[in-house]
Amino acid sequence: MTREMSLIPVAEPLLGEKELAYVSDCVKSGWVSSKGKYVAQFEQAFAAYCGCRYGVATFNGTIALHLLLAALNIGPGDEVIVPTLTFVATANAVTYTGAKPIFVDSEPETWCIDPAAVAQALTPATKAIIPVHLYGHPADMDPLLELARRHNLIVIEDAAEAHGATYKGQPVGSRGHAAMFSFMGNKIITTGEGGIVVTNDQALAERCFFLENHARQPENPYWHLEVGFNYRMTNLQAALGLAQLEQIEDFVAHRRRVARHYLARLHNVPGLTMPPTADWAGNVYWMFAPLIGPEFGPNRDQVMVELREKGIETRPFFSPVHTMPMYNTGQNLSVAEGLSRQGINLPSSATLTPEQIDYICDTLIGLCASSS
Ligand SMILES: *Cc1c(COP(=O)(O)O)cnc(C)c1O
């Protein structure tokens, strides 16, 4: 167990005095539930951070996406296009509504959803596209927005992994019709668990707020006309979130410093492919995510075992969701499948030090067949 405890973690939050002060304020004042000043403050400040007018905070990111789809009246008979290479929540949120997730491949240039594959997957039942900004790199939004314009579709950004990333100079979350973020403990900022919907569409924001409060009408709070949810964020979560948000520039800068350090040390190692960054992208490197190809020697899974022996925690890339038992579509989505087999997440925490990065790089380079 002590060995486990001393692993360099893939991701851990950095929490300090400010978090303690704001959370203590909630406890001392008794405002620990979803009423309290921090929720609205956090919603406004986070929305503004990503260039949006409205934010509706939720208990986690998965339900933020469900809330958004429900508020957009997406349901049975509808199809929603998602990348297969993502965390399973993207597809599950679609399934919760009764709509069908349609899986498409990644593009080699960004590892995010391939707009050409999206164009081919459109049917008369298609209602929405959910690009995912994978590991902190924005998806190519303009071709998706153009498709959406032509076919009258909604574009929802799954920005759970990309707080602070930019697309052609604009913050992610502000380009589509709406977006969601996650504040789970391993994300760039955290509220413990948490999420938010952001949008510039006032009617949509109001509809999300209404549905997440059990479709409550302020003038008649115990008489409900439709089935809503209790998806609200607590004041405790929002207090933590506000403290984190006040430091987000530092957290993002740290992520980018970590990535530059890894890139400098690893870009020439035979068999390693560095994560791409498109020229239009402001990558925030939520996870530093290289590929381990055949030329490296040991394969990805062997490398993970070896690194763990040396005290370094890593994660494999997400598995393509279309291959999981509950979806299992039998499609051949070869770019995503290849990335998923070779990809590894190296430690990328807010707490990671340059000495640790050097240790991780030395250890990894030592495993490369041509280094001995
Ligand atoms: C983390 C994550 C989510 C879900 O967020 P939770 O807050 O964990 O529910 C959704 N999509 C992606 C791509 C994620 O990485």
Side-chain angles (χ1 to χ4, degrees), residues 10-13 42-43 46 50 55-70 80-97 101 103-104 106 110-113 128-139 141 155-165 172-173 176 178-198 208 212 229-234 236-238 240-241 244-245 255 275 283-289 315-322 324 327 336 339-340 343 345 348-350:
V10 165
E12 75 180 349
F42 179 65
E43 287 175 333
F46 191 83
C50 38
V56 180
T58 58
F59 203 85
N60 64 52
T62 306
I63 61 177
L65 192 52
H66 180 216
L67 179 66
L68 199 39
L69 292 163
V80 177
I81 299 177
V82 301
T84 189
L85 190 64
T86 181
F87 181 56
V88 70
T90 315
N92 284 352
V94 175
T95 304
Y96 300 160
T97 67
F103 299 100
V104 303
S106 315
T110 64
W111 300 356
C112 294
I113 197 167
I129 308 166
I130 311 182
V132 177
H133 306 311
L134 191 72
Y135 301 131
H137 189 293
M141 293 296 292
V155 177
I156 298 168
E157 297 174 66
D158 179 338
E161 306 179 354
H163 317 61
V172 300
M180 54 74 59
F181 289 81
S182 165
F183 307 113
M184 195 243 180
N186 68 14
K187 302 291 160 85
I188 292 177
I189 64 167
T190 187
T191 59
E193 295 277 352
I196 197 167
V197 167
V198 295
C208 286
E212 84 160 355
F229 317 106
N230 176 359
Y231 279 181
R232 298 183 300 261
M233 176 179 272
T234 67
L236 281 170
Q237 289 173 299
L240 197 60
Q244 291 262 293
L245 185 58
R255 245 52 193 199
N283 193 347
V284 284
Y285 297 97
W286 169 55
M287 291 275 173
F288 192 75
R315 257 182 233 161
F317 270 26
F318 297 123
S319 292
V321 181
H322 77 281
M324 294 180 188
Y327 295 114
L339 292 168
S340 174
N345 295 144
S348 306
S349 288

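The chain is numbered in sequence order, starting from 1. Remember, it's a predicted structure, so these values are computed and weren't measured experimentally. All ligand and atom numbering here is 1-based and tracks the order in the structure. The figures here come from the full heavy-atom set of this structure, side chains too, leaving out hydrogens, waters and symmetry mates.
Remark: aromatic rings of F183 and F42 are close, center separation under 6.0 Å.
Side chain of T84 to backbone of F103: no donor-acceptor contact under 3.5 angstrom is found. Here the side chain of E12 pairs no donor or acceptor atom with the backbone of S349 at under 3.5 angstrom. Of the possible donor and acceptor atoms, none in the side chain of Q244 sits under 3.5 Å from a partner among the backbone N and O of I189.
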Below 3.5 Å, can you tabulate the donor-acceptor pairs from side chains in residues 55-66 to any protein atom, sequence neighbours excluded?
| from | atom 1 | to | atom 2 | distance (Å) |
| --- | --- | --- | --- | --- |
| T58 | OG1 | N60 | O | 2.7 |
| T58 | OG1 | G195 | O | 3.2 |
| N60 | OD1 | T62 | N | 3.0 |
| N60 | OD1 | I63 | N | 2.9 |
| H66 | ND1 | Y231 | OH | 2.8 |

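Contact record, A289 with N345: CB-ND2, 3.6 Å, taken as the closest heavy-atom pair.
Near ligand 1, heavy-atom contacts under 4.0 Å come from N60, G61, T62, T86, F87, A89, T90, V132, D158, A160, E161, S182, M184, K187, G194.
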